[in-house]
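Notes follow once the structure below has been shown.
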Amino acid sequence: MIKNYESNGRFSRLVTAGGFAFLSGVTARNRDAGIAAQTENVLAQIDAYLEKAASHKDKMVSVNIWLKDIADIGAMNEVWMAWITPGHEPARATVESRLATPDLLVEIMVQAMI
Amino acid sequence: MIKNYESNGRFSRLVTAGGFAFLSGVTARNRDAGIAAQTENVLAQIDAYLEKAASHKDKMVSVNIWLKDIADIGAMNEVWMAWITPGHEPARATVESRLATPDLLVEIMVQAMI
Amino acid sequence: MIKNYESNGRFSRLVTAGGFAFLSGVTARNRDAGIAAQTENVLAQIDAYLEKAASHKDKMVSVNIWLKDIADIGAMNEVWMAWITPGHEPARATVESRLATPDLLVEIMVQAMI
């Protein structure tokens with residue numbers, strides 16, 4: 001009933017349970033890039049995890065976004081809005097927090113229906 | 001099965017799915033007010049979104065609160081405690097984060113049962 | 001259907017609803033201790049709340065961790081990894097935020113299946 005994907009001792013990249021997909025906070029692999037390219041990289045990873053869960057970005061229900069610098073919210077939103085399907089936006093909260101390493105500018109955590 | 005309310009391209013103010021209501025992080029419309037008045041405004045908006053979902057504050061299960069200044073926790077709690085129904089308090093975490101604009105002092109994100 | 005445990009006017013330490021257990025953000029009781037001892041104390045409290053919910057750490061689905069200083073992530077992870085059951089890691093996000101009082105170094109919020 002609970003399935004854990006890509007577990008690494010600290011967290012699972014994806015957990016499915018109770019009809020929902022729970023993703024870990026996703027950060028960019030292109031850590032030397034700016035906010036737009038980091039956001040694009042994060043969203044591409046989220047697409048892949050949601051596909052693995054037999055879910056889809058249109059089925060996201062709630063999303064938390066952390067920005068290293070809240071001043072990046074406009075640039076992050078531009079990439080986000082190009083990705084999202086109108087009418088299928090999740091509930092969302094975006095706040096500022098320092099992330100695991102100083103080069104990380106954005107972290108996104110998704111809950112979706114399967 | 002998933003219903004999105006008041007979508008604006010970036011997020012939906014409310015999503016209902018799987019028996020739950022997921023609200024976006026709510027911030028105050030009276031942005032020039034102090035922490036008490038901002039909290040009152042946020043909680044009134046939450047009441048309205050929960051009603052739209054056929055839910056109620058007594059059915060909240062989990063809440064995240066972000067304060068621009070954690071020193072405001074006492075003043076925020078005073079308003080919160082006047083609003084909450086004893087015995088129906090949700091699980092909750094309250095931490096400090098800078099919010100989307102500098103005048104915002106509090107953001108509250110709610111998950112409730114329908 | 002919704003059960004609230006250890007309510008104190010501000011929050012419930014534990015809420016069970018819809019097949020899930022929602023825990024409030026847990027902070028250490030040994031507030032003068034370092035990050036390792038605070039993390040151990042928090043995880044022991046989480047074990048107890050999960051038992052009260054007829055759940056278990058192996059059934060955690062999603063976890064939020066806030067560190068007062070993100071530089072503590074390695075020391076926190078060491079304690080976390082000794083506690084977690086390999087293959088049952090939850091989805092997780094870890095970010096930096098100041099917590100309710102200056103002596104608190106870590107806060108952990110858990111959602112689990114029952």
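The figures here come from the full heavy-atom set of this structure, side chains too, leaving out hydrogens, waters and symmetry mates. Fair warning: this is a prediction, and the values are worked out from it, not measured in the lab. Below, chains carry the letters A, B, ... as their sequence lines are ordered, and counting in each starts from 1.
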Are more than 12 heavy atoms, taken from residues, nucleotides or ligands other than C/Glu6, located less than 6.0 Å from that residue's CD atom?
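Counting neighbours around CD of C/Glu6, more than 12 heavy atoms of other residues, nucleotides or ligands fall under 6.0 Å, so yes.
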Exactly one of C/Glu89, C/Met60, C/His88 should register a side-chain contact (heavy atoms from CB on, under 4.5 Å) with A/Ser12. Which one does?
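The option that passes is C/Glu89.
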Looking only at heavy atoms and a cut-off of under 4.5 Å, which of A/Gly9, A/Gly25, A/Ala17, A/Ser7 has the most pairs with chain C?
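That would be A/Gly9.
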If you count heavy-atom pairs under 4.5 Å with chain C, which of A/Val15, A/Thr27, A/Leu14 comes out on top?
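Most heavy-atom pairs within the cutoff with chain C belong to A/Val15.
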Quick check: closest heavy atoms across C/Pro90 and A/Ser24, and the distance to 0.1 Å?
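Looking at all heavy atoms of both residues, the closest pair is O-OG, 4.3 Å.
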Would you be so kind as to tabulate the donor-acceptor pairs closer than 3.5 Å made by side chains of residues 69-79 of chain C, with sequence neighbours excluded?
unit_1: C/Asp69; atom_1: OD1; unit_2: C/Ala71; atom_2: N; d: 2.9
unit_1: C/Asn77; atom_1: OD1; unit_2: C/Arg92; atom_2: NH1; d: 2.9
unit_1: C/Asn77; atom_1: OD1; unit_2: C/Arg92; atom_2: NH2; d: 3.0
unit_1: C/Asn77; atom_1: ND2; unit_2: C/Ile73; atom_2: O; d: 3.4

Check whether any side-chain N or O of A/Trp66 sits under 3.5 Å from a backbone N or O of C/Val95 as a donor-acceptor pair, and report yes or no.
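No.
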Side chain / backbone / both / neither for A/Asn64 at chain C, heavy atoms under 4.5 Å:
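Nothing of A/Asn64, per the 4.5 Å heavy-atom cut-off to chain C.
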What is the distance from atom CG of A/Leu99 to atom OG1 of C/Thr94, rounded to the nearest 0.5 Å?
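Reported to 0.5 Å precision, the distance equals 10.0 Å.
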Show the atom names and distances, to 0.1 Å, of all donor-acceptor pairs under 3.5 Å that link a side chain in residues 100-110 of chain A to residues at least two apart or in another chain.
unit_1: A/Thr101; atom_1: OG1; unit_2: A/Arg31; atom_2: NH1; d: 2.8
unit_1: A/Thr101; atom_1: OG1; unit_2: A/Asp103; atom_2: OD1; d: 2.5

Taking C-beta and beyond as the side chain, do C/Phe20 and A/Phe20 meet within less than 4.5 Å on heavy atoms?
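C/Phe20 vs A/Phe20: side chains touch.
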Counting heavy-atom pairs under 4.5 Å to chain A, which of C/Gln111, C/Lys59, C/Met81 comes out on top?
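Sorted descending by pairs with chain A, the first entry is C/Met81.
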